[in-house]
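Letters A, B, ... are given to chains in the order of the sequence lines, protein chains preceding strands, and every chain is numbered from 1.
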Amino acid sequence: GAIDALKKFNQDTDGLTGSFSQTVQSKNKTQRTSGSFKVLRPGLFQWEYVKPYKQTIVGDGQTVWLYDVDLKQVTKSSQNQAIGDSPAAILSHKTALESNYALKEEASKNGIDYVLATPKKSNSGYQYIRIGFQGDKLNNMELKDGFGNITHIQFSGLNMKPNLSKQHFKFTPPKGVDVLSN
Amino acid sequence: CQSTQMTQPEQWQTQRPEQNFDASGRLGVKINEKGSYANFDWSRQNGVETIDVNTPVGNTVGQLCRDKLGVLAKDANGKIYTADTPEALSEQLLGYNLPIEHMATWANGEWVPNEPHHFNAQGKLQQLGWTISRELNEDNTPRILLLENAQMSIRMAFTHFETTQTQPESPTQCTARN
């Protein structure tokens with residue numbers, strides 16, 4: 001089931017690359033963004049928004065770099081406290097979910113097996129995180145926050161053996177932008 | 001790509017009757033060599049102005065709200081924050097001083113009435129210690145709003161900015177007050 005798929009997914013050390021499309025449903029509007037990502041455990045990730053704006057978020061193990069092209073700003077923060085329960089953290093840290101969330105298997109739908117993660121502590125900011133697997137392949141994620149906003153992330157074009165190394169997660173700020181620490 | 005022009009003085013005007021709008025985007029704050037970043041959803045409707053401070057993934061970490069009773073904020077765990085002034089509340093919740101009281105007026109290309117203002121050589125509006133400039137989309141909606149003062153600079157990049165009709169049935173006070 002999905003919990004086995006999650007455990008297998010968490011044991012994986014080959015890394016993962018692919019594309020994502022993100023839909024955020026808030027009270028009166030829906031916002032869509034899309035881009036690409038790569039992950040190499042433990043702790044290395046790149047989450048790149050391409051449409052409708054360009055933004056790169058890189059975790060190199062020590063620092064999370066967030067570069068927003070329109071803002072001409074790179075914001076640096078230390079990795080351990082910066083990313084909390086974001087999808088990037090969940091995908092790049094083996095124990096991210098198990099330590100703070102209770103896991104429960106849910107009914108499968110359209111060939112996708114689901115695991116529901118509900119926070120053990122009440123101040124996690126999320127009501128739940130749901131992860132869907134197609135067999136062993138990560139398919140989608142859904143996060144509901146304390147205000148009722150629901151983020152749905154659909155993954156596609158997954159490469160489960162991307163042959164990544166630490167070098168792929170080096171971030172060098174471009175010239176002419178502010179590099180500021182959080 | 002979208003053509004954007006730096007606003008010229010004539011694109012600034014006195015404040016019109018309160019503009020309702022709905023906007024979203026990202027904001028970067030620079031204070032000396034320190035910086036912060038947030039995604040935001042920002043709306044004003046029926047006298048209630050709400051700013052949701054979000055992560056890139058869309059979850060709201062804090063919500064600032066201003067109505068005729070004053071300002072208050074709520075975090076993702078439902079805790080409510082109040083303060084005497086909008087600036088003190090912003091400092092408390094965000095760690096920096098977002099000029100909540102006037103940002104909407106400036107974003108709409110208006111100067112705050114009954115306060116001195118003028119334009120510098122680059123055509124930027126100067127008011128209440130801030131230097132304000134906008135880059136506009138072809139439809140004259142703001143693409144970038146830049147607010148600078150002696151301590152800090154705030155840069156807002158709008159993914160979406162739309163003036164909206166007044167909806168009398170929408171709430172007349174911050175939802176966090178319920």
Inset, instruction - Would you give the length of the straight line joining atom CG of Asp22(B) to atom CG of Asn28(A), rounded to the nearest 0.5 angstrom? - result: 6.0 Å
Inset, instruction - Calculate, to the nearest 0.5 Å, the distance between atoms CG and CG belonging to Asn59(B) and Leu143(A) respectively. - result: 7.0 Å
Inset, instruction - Check whether the side chains of Ser36(B) and Asn182(A) place a donor and an acceptor atom closer than 3.5 Å, and report yes or no. - result: no
Legend entry - Max heavy-atom pair count under 4.5 Å with chain B, selected residue of Asp68(A), Asp178(A), Asn149(A): Asp68(A)
Legend entry - Shortest non-hydrogen contact from Leu66(A) toward Pro56(B): CD1-CG, 3.9 Å
Inset, instruction - Check each atom of Leu27(B) against the heavy atoms of chain A and say whether the ones under 4.5 Å are side chain, backbone, both or neither. - result: backbone
Inset, instruction - Could you tell me whether the side chain of Ser181(A) and the main chain of Lys34(B) form a donor-acceptor pair under 3.5 Å? - result: no
Legend entry - Side-chain touch Asn32(B)/Leu180(A), heavy atoms, less than 4.5 angstrom: no
Inset, instruction - Spell out the residues in residues 150-168 of chain B that have some non-hydrogen atom less than 4.5 Å away from a non-hydrogen atom of chain A, in order of number; otherwise answer 'none'. - result: Arg155(B), Met156(B), Ala157(B), Thr159(B), His160(B)
Legend entry - Which atoms of Lys74(B) approach chain A - backbone, side chain, both or neither, heavy atom under 4.5 Å: both
Legend entry - Partner set under salt bridge (Lys or Arg N to Asp or Glu O under 4.0 Å) for Glu106(A), not counting sequence neighbours: Arg130(A)
Legend entry - chain A contact via Asp52(B) - which portion, at a heavy-atom distance below 4.5 Å: neither
Inset, instruction - Please flag which part of Asn77(B) lies under 4.5 Å from any non-hydrogen atom of chain A: side chain, backbone, both or neither. - result: side chain
Inset, instruction - Check each atom of Ser24(B) against the heavy atoms of chain A and say whether the ones under 4.5 Å are side chain, backbone, both or neither. - result: both
